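In each ligand, atom 1 is the first atom listed, and ligand 1 is the first ligand listed. All values derive from a computational prediction rather than experimental measurement.
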Amino acid sequence: MLSAERAFINYSNPYKRYGENIQLKTDHTLRVKALCADLAEKTGANQQDTKLAGICGLLHDIGRFEQWKRYNTYDDAKSADHGDLGAEILAEDNLIGQFSESDHPLILNAVRYHNKYEVPAGLCERDRYFANLTRDADKIDILFLYASRRLTKSSGGSVLSDPVYHALLDHKGIRKQDVRTKADRVALYLALVFGLNFRRSFEIIRQNDYINKAIDIQLDEAANEAFREQLETARTHLNRYLAEKS
Ligand SMILES: [Fe+2]
């Protein structure tokens, strides 16, 4: 039987002809896989479950390849929900078939719900744990990309809208539909920390200083004095939140 990583590479390789955006997702996937395994291990999972967490990470963005091929965008709002698409592809192409059948619902739930605002209430405890591992790992890597300038969002001279600014100060997640200004799109990324579930996740964010780096990048660019002030206040709140959680 193929290793999960080999099977993933075999699946994703033919999509390379669609350009370098495919490679970005492959690289992201491999980092998320490693993060999932790290989070599982640090939260007390046994060897088998740590491996299973890695598989969830490896498959979480499997929908991205078809999404790019079919729609030429990674914007779910303009194409398809890539979590749902990924779960469909795993089942339809029988990619899921190489994994133990008893793990299929768990893997499909981790893929389907990795990108949703929240995990649905009805999920069993074990499925919720693996979905949350996958969600945290994905968010950590997005913040890494953001803090290392590999993913850039410009505020375009705008400021945070009141609801988004207050969500940041109240430690609340931000929904895409709440975004009003370009600055709000910056906040959307910073607010990812409010959706994290595990102490280890907060530690990784803190140890790598992702939030301060991401804010510094915006301060370098932000011409608008009011936005700079909002960011400095948000920085204090975000750092306090991270300190409490880690
Ligand atoms: Fe994703």
Side-chain angles (χ1 to χ4, degrees), residues 4-5 7-9 11-12 15-16 18-40 52-93 95-96 106-120 123 127-148 150-153 173-177 179 185 188-198 201 204-205 210:
E5 199 157 313
F8 169 77
I9 289 166
Y11 174 80
S12 59
Y15 289 90
K16 282 190 176 163
Y18 299 105
E20 63 185 30
N21 278 307
I22 294 294
Q23 188 62 44
L24 293 178
K25 287 300 170 195
T26 309
D27 295 347
H28 164 69
T29 290
L30 296 176
R31 289 192 302 269
V32 169
K33 179 199 175 212
L35 281 164
C36 277
D38 171 90
L39 292 178
L52 185 55
I55 289 169
C56 292
L58 198 59
L59 299 177
H60 84 286
D61 259 355
I62 201 82
R64 287 301 200 186
F65 303 100
E66 268 301 304
Q67 184 183 35
W68 188 265
K69 182 183 162 189
R70 290 182 198 175
Y71 307 103
N72 209 38
T73 179
Y74 287 137
D75 187 337
D76 285 12
K78 291 180 183 151
S79 55
D81 181 296
H82 74 278
D84 293 344
L85 183 60
E88 268 168 43
I89 286 166
L90 284 173
E92 279 171 15
D93 292 359
L95 284 166
I96 194 92
L106 179 155
I107 294 172
L108 292 172
N109 280 328
V111 172
R112 187 177 290 119
Y113 298 121
H114 87 270
N115 64 330
K116 304 299 186 284
Y117 183 73
E118 56 200 357
V119 175
L123 235 54
D127 286 17
R128 174 174 298 275
Y129 168 69
F130 282 91
N132 281 338
L133 284 180
T134 310
R135 290 162 64 85
D136 276 27
D138 190 33
K139 290 184 174 90
I140 292 167
D141 195 61
I142 293 169
L143 283 165
F144 155 73
L145 289 168
Y146 194 43
S148 57
R150 283 167 228 213
L151 182 71
T152 51
K153 295 285 168 202
I174 298 166
R175 292 173 192 263
K176 281 186 182 154
Q177 56 263 40
V179 168
R185 283 171 58 204
L188 196 62
Y189 290 90
L190 298 175
L192 289 178
V193 295
F194 302 134
L196 296 175
N197 298 283
F198 301 101
S201 305
I204 294 171
I205 300 291
Y210 289 153

>> Run the side chain to side chain contact (heavy atoms under 4.5 Å, CB included) test against Asp76 and tell me which residues pass, sequence neighbours left out.
In response: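 Testing Asp76 for side chain to side chain contact (heavy atoms under 4.5 Å, CB included), a comparison that skips the adjacent residues, returns Arg64, Gln67, Asp81, His82, Asn115.
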>> Strictly distance-based, threshold 3.5 Å: is any side-chain N or O of Tyr18 a donor or acceptor partner for the main-chain N or O of Asn72?
In response: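 Not at all, since once roles are kept as given, no pair shorter than 3.5 Å links the two residues.
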> Under 30°, 30 to 60°, or over 60°: which ring-plane class applies to Tyr15 and Phe65, parallel, tilted or perpendicular?
Replying inline: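 The rings of Tyr15 and Phe65 sit tilted, inter-plane angle from 30° to 60°.
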> Can you list the residues that meet the salt bridge (charged side-chain N to carboxylate O under 4.0 Å, His left out) rule with Lys139, with sequence neighbours excluded?
Replying inline: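 Result, salt bridge (charged side-chain N to carboxylate O under 4.0 Å, His left out) vs Lys139: none returned.
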> Mind checking what makes salt bridge (charged side-chain N to carboxylate O under 4.0 Å, His left out) contact with Glu66, not counting sequence neighbours?
Replying inline: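 Result, salt bridge (charged side-chain N to carboxylate O under 4.0 Å, His left out) vs Glu66: Lys69, Arg70.
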>> Using a cut-off of 2.8 Å, how many protein N, O or S atoms sit around the Fe ion (ligand 1)?
In response: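 Number of qualifying protein atoms: 3.
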>> Salt bridge check, Glu5 against Lys33: does any charged N sit closer than 4.0 Å to a carboxylate O?
In response: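 Here Lys33 pairs with Glu5 in a salt bridge, since their nearest N and O are under 4.0 Å apart.
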